[in-house]
Amino acid sequence: MRHILLGALLCLYGNTAAQSLPFPREAAVNPEILAAAMPALAQKILPQLKAGDDRWGYLQQLLMVQLTARQYQAALKTIREYRAAYAQSDAEKAPVRFIQYETYINALRRKQPVEIAFGKTFKVSLASLHAASRYDIDNWYTADTAYLTADLQRQLAQLEGQDSIALPEAVQLCRRYTAWQLLPRISRMAAPLLRQFNRQHYHIRDSLLIPTRDGASVSAIVVRPRRQQRPLPVIFFFTIYTDGSNLCIAKEAADKGYIGVVANTRGKRFSPQITMPYEHDGDDARDVINWIIRQPWCNGSIGMYGGSYVGFTQWAAVKDGVPPALKTIVPSAAVVPGFDVPKENNVFMSFVYPWIPYVTNNKFLDNVTYNDRGRWRQMQFNWYRSGAAYETLDSIDGTPNPIYHRWLAHPDYDAYWQNMTTCKEDFARINIPILSTTGYFDGAQIGAMYYYREHLRYRSNAEHYLVIGPYDHLGCQHVPLPYVNGYTIDSVARISIHQLIYQWFDHILKGAPKPALLKDRVNYQVMGTNQWRHVPSLRQMNNDTLKLYLSPQRLVRQPAADTVFMPQQVDLSDRNGSFTGNYIHSPLSGSSINTANGLVFVSDPLPASMAVNGSFLGRLQVIPNKKDVDIGINLYEQTPDGQYFQLSYFIGRASYAASLEKRQLLTPGSVNTISFSNTRMISKQLAKGSRLVVVINVNQNPFEEINYGTGKKVSEETMADAGGPVQLQWRTDSYIEIGTHP
């Protein structure tokens, strides 16, 4: 749920030392002084930049500082170096990276006004492109001026009254200032050239309104190859994200020998209705498919792909059966509304809150509001410190959010959520080949694996392939970064997921060979081995299971002969201490771990190296003093040198352990069973001498609702409901399990 283009342009990484540089106090409020100060600041930064392990990030950072310093020749060299590094993962898309800056610099070097020279260098830049990357030029030559302005002004506001700036913040200021200064100008010069280019190469209908069965309409774009001579298969992309990338998605399909159709959730773009995320997408997607099949340019075959929300729309489209023309879907990082967003194991998560205005404030995307991180952080921490009910977040923010309350009204995984996408017996009707992709560090992995497991559960012979590796949410949809949260991924994992998706389409829709990576139904990369493995099912990823029982401060192979209870006490009214972090950590490894509100259990050293494969699960036996509790369980490898690596985690509400559909409160003072399995899977080679470490905590932080244990609706509880501390007695026959392979 992120703006991919702005992420590519603006989210830069690199190693910078913690030191300060002089910066004129007046520059934060005086544009003329700022314009004079920025090149000088960039000159001071350049000697301080150091190339670390993350070469992609370093080169992006270096480029923006060079542009700020007006070192244009050096910037061109950096662009070439970046493309060479990127080409190791995706040679097709590498030539278009930062093409807008290359075109602008080359225009500056000509002895004529830049507005005139730009047209000539634009043509030269396009002539150098790989044919498979030209579709993407609109993304690089356009800009969201309002966002760029707001992004810069937010940082300048933070600098008011200061006469120095820390090096990391100085680098960020360079990228914000230069993007704000150059991209709108480049966009204005490129706009007529892009229109001309697109007219020459494509038939584009970008203002379609397709009627739906209930009298509404959805906005759509159709792009056909200019030289189309016969009906072609269609690539259909159904998304709530309405921006310039939609045209590029449709153009790519046309470049690859298909018809490209991108339609938007009702209420977006030209659709006059209001936007209600998730609620109408399934029916609307099927109506668009029915419209497509009636068009003379369609040969009767349609494929769908896309990630995150767009992964969901594909599963929603087949909920009531597969439309005959739909031959395949390729969901990546697919979310399941009500299951992994906006809550996970029925614990509501606040990171989704700003996404609502992002996609509903206007007919396109509200980047200015969504990226106001200070606003959202202030809202979360004000709520946390106040102890107010979780349902008051919008009151604390000061802007009503009715969709948020609509969601809070359904704390169970009930019919409201289940009606949105494929569920239970719906899976039995899905008889088309499917390719799913996700990552070990994909925040939406829970949803992607739900769809995969449930499909195979209800249709055991389903032709459903899975590709999973050490990827994050964007990496498992597009081209993974070589470095994920500080971890260097194996070279064999550096593949273009996007190219794999089109290889799959060529296989299903054009009869080409099956992609070479898909040697079996489950294809997974074992971190630390530089190898892919291929097995027929998730169960066959392992040839053994490691079961570890809780013991005081230890994980042991056998339960204690005599039952022992291990006490844990947490005061949920205390807002002064550290708070829990049950999420994917950044960095993934380090010399310490978060033990807030937690008990730590450590295994003996492993006698030999082994791979842990799949999701961990377990059964906990506990005597609580409350009717409910939200728990986090974090699983780590502790290497022989004492470093910790996060393998997986769980966050969930104890009262939903038996079923997400019906809350069953705990019985205080008695032994209660909390079974869990809805955790993130991973495959990683563990070293001989490593230990497994488990931290069990009572979840409490500013980023999820807090369960005070009264048994009332959690979003209505306040700190006044905390009463005494949460007291838990964990029994020593509690255990966790994880699959292993030599």
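Keep in mind that the numbers below use all heavy atoms, side chains included, and drop hydrogens, waters and symmetry copies.
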Next on the checklist: Under a 4.0 Å threshold between the charged nitrogen and the carboxylate oxygen, would Arg680 count as salt-bridged to Glu344?
Outcome noted: yes

Checklist entry - Taking all atoms of both residues into account, what is the closest heavy-atom pair of Ser308 and His473, and its distance? => result OG-NE2, 2.9 Å

Checklist entry - Ring centres of Tyr305 and Phe237 under 6.0 Å apart? => result yes

Checklist entry - Is NZ or CZ of Lys510 both nearer than 6.0 Å to the six-membered ring centre of Tyr258 and within 45° of the ring axis? => result yes

Item to check | Side-chain donor or acceptor of Lys363 paired with backbone N/O of Gly267 under 3.5 Å | outcome: yes

Checklist entry - Which of these, Leu509, Ile289, Val261, Ile259, sits in a side chain to side chain contact (heavy atoms under 4.5 Å, CB included) with Ile302? => result Ile289

Next on the checklist: Less than 3.5 Å apart, any donor N or O on the side chain of Trp140 or Asp136 sitting next to an acceptor on the other?
Outcome noted: yes

Item to check | side-chain contact (heavy atoms from CB on, under 4.5 Å) assessment of Lys514 paired with Gln503 | outcome: CA-CA 7 Å; Lys514 186 171 63 178; Gln503 291 168 9; over 6 Å; no

Item to check | Thr360 and Thr275: side chain donor to acceptor below 3.5 Å | outcome: no

Next on the checklist: Using a 3.5 Å distance criterion without hydrogens, assess whether the side chain of Lys268 forms a donor-acceptor pair with backbone atoms of Val359.
Outcome noted: yes

Checklist entry - Are the side chains of Arg269 and Ile221 in touch, meaning some heavy atoms are under 4.5 Å apart? => result yes

Item to check | Centroid separation Tyr471 to Phe441 less than 6.0 Å | outcome: no

Next on the checklist: Tell me whether Thr328 contacts the main-chain N or O of Pro433 through its side chain, where contact means a donor paired with an acceptor under 3.5 Å.
Outcome noted: yes

Checklist entry - Minimum heavy-atom separation for Thr369 to Arg375, with atom names? => result CG2-NH1, 3.6 Å

Item to check | Main-chain N/O of Pro184 paired to Ser187 side chain as donor or acceptor, under 3.5 Å | outcome: no

Next on the checklist: Do His464 and Ser436 pair up side chain to side chain, a donor and an acceptor below 3.5 Å, judged on atom types alone?
Outcome noted: yes

Next on the checklist: For Arg213, I'd like to know if atom CZ has over 12 heavy atoms of other residues, nucleotides or ligands within 6.0 Å.
Outcome noted: yes

Next on the checklist: I'd like to know if the side chain of Thr422 reaches the main chain of Asp426, judged simply by a donor and an acceptor atom lying under 3.5 Å from each other, with no hydrogens or angles considered.
Outcome noted: no

Checklist entry - Is there side-chain contact between Ile99 and Arg83, with heavy atoms separated by less than 4.5 Å? => result yes

Checklist entry - Is the backbone N or O of Val336 less than 3.5 Å from a side-chain atom of Asp340, with the two atoms forming a donor-acceptor pair by type? => result yes

Checklist entry - Sub-3.5 Å donor-acceptor pair from the side chain of His455 to the main-chain atoms of Ala462, do we have one? => result no

Checklist entry - Donor-acceptor pair, Asp151 side chain versus Tyr147 backbone, under 3.5 Å? => result no

Checklist entry - With the threshold set at 4.0 Å, does a side-chain nitrogen-carboxylate oxygen contact exist between Arg457 and Glu425? => result no

Next on the checklist: Less than 3.5 Å apart, any donor N or O on the side chain of Asn361 or Asp366 sitting next to an acceptor on the other?
Outcome noted: yes

Checklist entry - Using a distance-only test with no angle check, is there a side-chain donor-acceptor pair under 3.5 angstrom linking Asn246 and Asn264? => result yes

Next on the checklist: Angle between ring planes, Phe312 versus Tyr309, binned at 30° and 60°: parallel, tilted or perpendicular?
Outcome noted: perpendicular

Checklist entry - How about Thr142 and Arg188: does a side-chain donor come under 3.5 Å of a side-chain acceptor? => result no

Item to check | Gln314 side-chain N/O to Val330 backbone N/O, donor-acceptor pair under 3.5 Å | outcome: yes

Checklist entry - Without hydrogens or angle criteria, can the side chains of Tyr656 and Asp412 be said to hold a donor-acceptor pair below 3.5 Å? => result yes

Checklist entry - Checking side-chain contact (heavy atoms from CB on, under 4.5 Å) for the pair Ile497/Val479: CA distance, chi angles, key distance, verdict? => result CA-CA 6 Å; Ile497 299 294; Val479 179; over 6 Å; no

Next on the checklist: Could you go through Glu454 and Arg459, starting from their C-alpha distance and side-chain angles, then the distance that decides it, and tell me whether this counts as salt bridge (Lys or Arg N to Asp or Glu O under 4.0 Å)?
Outcome noted: CA-CA 8 Å; Glu454 291 295 286; Arg459 193 179 184 91; over 6 Å; no

Next on the checklist: Salt bridge check, Arg266 against Asp281: does any charged N sit closer than 4.0 Å to a carboxylate O?
Outcome noted: no

Checklist entry - Distance only, no hydrogens: is a donor on one side chain within 3.5 Å (strictly under) of an acceptor on the other, for Thr438 and Asp442? => result yes

Next on the checklist: With a 6.0 Å cut-off on the ring centroids, do Trp56 and Tyr86 count as close?
Outcome noted: yes

Item to check | Sidechain N-carboxylate O distance under 4.0 Å for Lys424, Glu661 | outcome: yes

Next on the checklist: Quick check: do Trp376 and Tyr353 have side-chain heavy atoms less than 4.5 Å from each other?
Outcome noted: yes

Checklist entry - After noting the C-alpha distance and the side-chain angles of Tyr202 and Asp255, does the key distance pass the side-chain hydrogen bond (donor to acceptor under 3.5 Å, both in side chains) rule? => result CA-CA 9 Å; Tyr202 310 98; Asp255 280 350; 3.0 Å; yes

Next on the checklist: Donor-acceptor check, side chain of Asp243 to backbone of Ser245, threshold 3.5 angstrom: yes or no?
Outcome noted: yes

Checklist outcome for this item: Partner of Tyr141 under side chain to side chain contact (heavy atoms under 4.5 Å, CB included), picked from Val96, Leu193, Leu183, Leu194, is Leu194

Checklist entry - Salt-bridged, Glu252 to Lys93, with N to O below 4.0 Å? => result no

Next on the checklist: Under the criterion side-chain contact (heavy atoms from CB on, under 4.5 Å), I'd like the reasoning laid out for Asn678 against Ile446: C-alpha separation, chi angles, the key distance, then a yes or no.
Outcome noted: CA-CA 7 Å; Asn678 196 27; Ile446 292 287; 3.5 Å; yes

Checklist entry - So Thr103 and Ser125, side-chain hydrogen bond (donor to acceptor under 3.5 Å, both in side chains) or not? Walk me through it. => result CA-CA 6 Å; Thr103 305; Ser125 293; 2.8 Å; yes

Next on the checklist: Tell me whether the count of non-hydrogen atoms from other residues, nucleotides or ligands lying under 6.0 Å of CZ in Arg226 goes above 12.
Outcome noted: yes

Next on the checklist: Applying side-chain hydrogen bond (donor to acceptor under 3.5 Å, both in side chains) to Ser350 and Tyr390, what does each step give before you reach the verdict?
Outcome noted: CA-CA 9 Å; Ser350 302; Tyr390 189 71; 2.9 Å; yes

Item to check | Student check: side-chain heavy atoms of Tyr241 and Tyr358 closer than 4.5 Å | outcome: yes

Item to check | Which atom of Asn419 lies closest to which atom of Lys319, heavy atoms considered | outcome: O-CE, 3.4 Å

Item to check | Side-chain touch Asp287/Ile210, heavy atoms, less than 4.5 angstrom | outcome: no

Item to check | Intermediate values then yes/no, side-chain contact (heavy atoms from CB on, under 4.5 Å), Val535 and Tyr524 | outcome: CA-CA 9 Å; Val535 294; Tyr524 63 102; 4.0 Å; yes

Next on the checklist: Angle between ring planes, Tyr416 versus His410, binned at 30° and 60°: parallel, tilted or perpendicular?
Outcome noted: parallel

Checklist entry - Regarding His478 and His498, is there a side-chain donor-to-acceptor distance under 3.5 Å anywhere? => result no

Next on the checklist: Measuring only between side-chain heavy atoms, which start at C-beta, is Gln445 closer than 4.5 Å to Tyr450?
Outcome noted: no

Next on the checklist: Taking the side chain as everything from C-beta on, heavy atoms only, tell me whether Val341 gets closer than 4.5 Å to Tyr278.
Outcome noted: yes

Next on the checklist: Between Asn198 and Asp138, does the side-chain hydrogen bond (donor to acceptor under 3.5 Å, both in side chains) criterion hold? Intermediate values first, please.
Outcome noted: CA-CA 9 Å; Asn198 288 336; Asp138 303 73; 3.2 Å; yes

Item to check | Any Thr399 side-chain heavy atom under 4.5 Å of Pro357 side chain | outcome: no

Checklist entry - In terms of the angle between their ring planes, are Tyr451 and Trp315 parallel, tilted or perpendicular, with boundaries placed at 30° and 60°? => result parallel

